[in-house]
Amino acid sequence: AKGEWAIKYLDGGDTSFSTRLGYIGVTHDQAGRLVAGTQWSPYYDVAGVADKPIAFGNAFLYDNHYNLGSARAEKMVSYRNTLSVSEDVAFNIGLGWQGKQEAIYDTRGQIAISTEFAGFGLGYVYNGGDIELGGKKEKSESHVVAAKFGNYGKGLYAALVYGSNEYFYDDLAETKQYEALLAYGLDNGLNISVNYEEVEDDKTNKTQFSQSAVQFEYTVVSGLVAFAAYQFDLGNDIGDKENDQYTVGARYFF
């Protein structure tokens, strides 16, 4: 079981204290893992391979993740299992079901399939369910394929993600997402990464947002990581004003 909460505002308010994770599960070596509650979804297992840096990750995944289950998923029951074919080859399967959320979000289902061999990983995930827009029900779906190489923080790590979606981002009928991450972890604890993300309205061919970040993470001691990052706004085609951002900080695990 796990509980994880966030404090956003110290002066109170309805959204000052929120649940990030809250679930209970059971795991068996052969039978797999069954989890119920607010949790990281099977969709994220595949689509999150480029969402590794601390500061600036993949914004698309978090746009409406609690309702759509694209990262953390509320009211979810999930099942995962791994089948090892040999010492170098394994297949992973993940299944997820979400109960009805706010008024417009009906029940949703997910299925994720991935494999790992010789340091490479490949995966596909489907996420689908109905949403209500303007009094009409629409099918809200996402198909994602992803590839990765290496282990993040240890030598070379690379990841690519491509998604094709319907009513899955900002209520747009059709969108495409592109994500990439290249990182290198040095033996002295320094990890350097560059990432890129873009979401495009496939109906109009207009970019909704595009951005890239350079990030540095340094493991000071076990459990303490300092980080600094700068994210470049690469523009959009919808007239939204966005700015470059930078951040510095530290993450400590108690």
Side-chain angles (χ1 to χ4, degrees), residues 1-6 15 18-27 31-51 57-82 91-114 122-146 161-179 197 199-203 208-209:
K2 184 171 186 176
E4 182 178 303
W5 297 274
T15 60
S18 61
T19 299
R20 286 164 56 91
L21 297 171
Y23 61 78
I24 186 168
V26 60
T27 303
R33 177 168 173 78
L34 184 68
V35 181
T38 301
Q39 59 186 277
W40 291 103
S41 66
Y43 182 93
Y44 185 82
D45 293 348
V46 172
V49 295
D51 188 45
N58 293 335
F60 173 90
L61 297 175
Y62 298 94
D63 181 65
N64 191 10
H65 58 134
Y66 288 108
N67 291 319
L68 296 178
S70 53
R72 301 177 187 89
E74 287 189 337
K75 298 181 181 179
M76 172 168 274
V77 177
S78 69
Y79 171 77
R80 294 173 172 88
N81 207 345
T82 298
F91 289 93
N92 307 304
I93 184 170
L95 305 174
W97 179 89
Q98 276 183 281
K100 189 173 182 178
Q101 305 289 326
E102 299 172 9
I104 69 169
Y105 299 98
D106 208 342
T107 57
R108 304 189 65 80
Q110 302 182 9
I111 179 168
I113 302 171
S114 62
L122 296 173
Y124 164 80
V125 61
Y126 168 80
N127 181 335
D130 291 335
I131 64 171
E132 187 174 323
L133 296 173
K136 180 183 177 182
K137 278 196 173 184
E138 300 284 0
K139 181 66 74 174
S140 170
E141 297 181 319
S142 179
H143 300 265
V144 168
V145 291
V161 178
Y162 167 78
S164 178
N165 319 289
E166 295 182 7
Y167 294 105
F168 201 78
Y169 178 80
D170 273 359
D171 298 335
L172 295 173
E174 296 180 13
T175 55
K176 293 286 193 298
Q177 67 182 97
Y178 309 92
E179 299 159 2
E197 180 179 17
V199 173
E200 180 181 297
D201 184 338
D202 203 36
K203 285 272 191 180
Q208 303 301 294
F209 73 87

Reported CG-to-CD distance for the pair Leu21 and Glu4, which is rounded to 0.5 angstrom: 4.5 Å

Among Leu68, Asp130, Leu133, the one residue meeting side-chain contact (heavy atoms from CB on, under 4.5 Å) with Ser140: Leu68

Whether Ser78 side chain and Gly96 backbone form a donor-acceptor pair below 3.5 Å: no

Mutual orientation of the aromatic rings belonging to Trp40 and Tyr62 [parallel < 30°, tilted 30-60°, perpendicular > 60°]: perpendicular

Gln101 side chain vs Gly99 backbone, donor-acceptor pair below 3.5 Å: yes

Heavy-atom pair with the smallest gap, counting every atom of Gln39 and Val35: NE2-O, 3.3 Å

Backbone N/O of Tyr162 and side chain of Lys176: donor-acceptor pair under 3.5 Å: no

Minimum heavy-atom distance between Asn67 and Arg108, given as atom pair plus value: O-CD, 3.5 Å

Close side-chain approach of Leu95 to Ile111, heavy-atom, < 4.5 Å: yes

Minimal non-hydrogen separation, Tyr126 against His143, with atom names: CD1-CE1, 3.3 Å

Distance in Å, Met76 CE paired with Trp97 CH2, rounded so as to fall on 0.5 Å steps: 10.0 Å

Gln98 (side chain) donor-acceptor with Tyr66 (main chain) under 3.5 angstrom: yes

Closest approach of Ala146 to Val46 (non-hydrogen atoms, all atoms of both residues): CB-O, 3.5 Å

Nearest heavy-atom neighbours spanning Val125 and Pro42: CG2-O, 4.3 Å

Gap separating the OH atom of Tyr43 from the CG atom of Leu61, nearest 0.5 angstrom: 6.5 Å

Distance-only donor-acceptor check, side chains Arg80 and Asn92, under 3.5 Å: no

Shortest non-hydrogen contact between Phe209 and Ala59, atoms and distance: CZ-CB, 4.1 Å

Check: Glu141 side chain, Phe168 main-chain N or O, donor-acceptor pair, under 3.5 Å: no

Donor-acceptor contact present, side-chain Asp51 to main-chain Asn58, <3.5 Å: yes

Check: Arg72 main-chain N/O paired with His65 side-chain donor or acceptor under 3.5 Å: yes

Spacing of CH2 belonging to Trp5 relative to OG1 belonging to Thr38, to within rounding of 0.5 Å: 10.5 Å

Any donor-acceptor pair under 3.5 Å from Glu179 side chain to Val161 backbone: no

Sub-4.5 Å side-chain heavy-atom contact between Asp63 and Asp170: yes

Ser41 (side chain) donor-acceptor with Gly69 (main chain) under 3.5 angstrom: yes

Value rounded to 0.5 Å, distance of CG in Leu122 from CZ in Phe91: 10.0 Å

Tyr105 side, atom OH; Lys100 side, atom NZ - distance, nearest 0.5 Å: 13.0 Å

Chi angles and distances behind the side chain to side chain contact (heavy atoms under 4.5 Å, CB included) call for Asn165, Gln177: CA-CA 8 Å; Asn165 319 289; Gln177 67 182 97; 3.7 Å; yes

Heavy-atom neighbours of Ile24 CD1 exceed 12 at 6.0 Å: no

